[in-house]
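What follows is a set of notes on a single structure, which appears directly below.
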Amino acid sequence: MAFKPLHDRVLVRRVESEEKTAGGLIIPDSAKEKPQEGVVVAVGAGARDDDGDRIKPDVSEGDRVLFGKWSGTEITIDGEELLIMKESDILGIMDGDKAAKAA
């Protein structure tokens, strides 16, 4: 990808939500909410503190993250819709795949 976020910005690809409810009902596209979960595609180098030292980001490429409903700015790169947001807009990292790989 030809895009590198600056400072403490993060580029996120939304993860598609389920098309069926737990009871088996199919949810039409018009009724679906945009997912608040995504995968980090690219990460900036980090913000700077008062002394000018770089603060390393807590997220890295490939992390599955949860973010606020109205977080980020939607952008299109190479025909793909992505979100760019500050790292502080990310609420947390979901452990699923990374925990299994670390064990």
Side-chain angles (χ1 to χ4, degrees):
M1 176 163 299
F3 183 83
K4 176 72 174 168
L6 298 176
H7 310 294
D8 63 340
R9 303 259 186 323
V10 179
L11 189 65
V12 176
R13 176 183 298 116
R14 286 187 195 266
V15 175
E16 291 302 316
S17 59
E18 294 292 323
E19 294 187 14
K20 287 185 180 182
T21 65
L25 297 174
I26 296 175
I27 304 170
D29 287 338
S30 59
K32 283 185 193 174
E33 287 191 26
K34 289 190 175 180
Q36 295 172 265
E37 196 175 313
V39 175
V40 175
V41 176
V43 181
R48 294 199 181 264
D49 64 14
D50 294 335
D51 296 326
D53 296 325
R54 191 75 70 184
I55 301 170
K56 184 178 180 277
D58 290 327
V59 297
S60 56
E61 290 181 24
D63 283 346
R64 191 174 182 111
V65 295
L66 188 66
F67 48 87
K69 190 174 219 168
W70 308 110
S71 297
T73 301
E74 292 182 354
I75 60 172
T76 302
I77 299 175
D78 298 332
E80 182 177 16
E81 288 187 20
L82 302 165
L83 284 172
I84 187 162
M85 64 185 71
K86 287 190 160 243
E87 184 184 23
S88 60
D89 289 340
I90 295 174
L91 304 173
I93 300 171
M94 303 185 68
D95 276 339
D97 297 332
K98 277 199 150 187
K101 290 178 184 175

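Since we're looking at a predicted model, the values are computed, not measured.
One distance of note links CG of Leu83 with CG of Leu11; it measures 8.5 Å at 0.5 Å rounding. Going from atom CG of Asp63 over to atom CD1 of Ile93 covers 4.5 Å, rounded to the nearest 0.5 Å. Between atom CZ of residue Arg48 and atom CG of residue Asp8 there is a gap of 12.0 Å, rounded to the nearest 0.5 Å.
The shortest side-chain heavy-atom distance between Met85 and Arg9 does not fall under the 4.5 Å cut-off.
No continuous path of ILVMFWY side-chain contacts below 4.5 Å connects Val65 to Leu91, so the two sit in separate hydrophobic clusters. Residues Ile77 and Ile84 are members of one and the same hydrophobic cluster, defined by side-chain heavy-atom contacts under 4.5 angstrom among Ile, Leu, Val, Met, Phe, Trp and Tyr.
Residues passing the salt bridge (charged side-chain N to carboxylate O under 4.0 Å, His left out) test with Asp89: none are found, sequence neighbours excluded.
Side-chain N or O atoms of Glu87 include one that pairs as donor or acceptor with a backbone N or O of Val59 at under 3.5 Å.
Minimum heavy-atom separation, Phe67 to Gly38: CE2-N, 3.7 Å.
The pair Glu80-Arg13 meets the salt-bridge criterion, since a charged nitrogen lies less than 4.0 angstrom from a carboxylate oxygen.
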Could you give me the CA-CA distance, side-chain angles and deciding distance for Glu37 and Arg14, then say whether side-chain contact (heavy atoms from CB on, under 4.5 Å) is met? CA-CA 6 Å; Glu37 196 175 313; Arg14 286 187 195 266; over 6 Å; no
Could you tabulate the donor-acceptor pairs under 3.5 Å formed by side-chain atoms of residues 51-58, not counting sequence neighbours?
from	atom 1	to	atom 2	distance (Å)
Arg54	NH1	Gly46	O	2.7

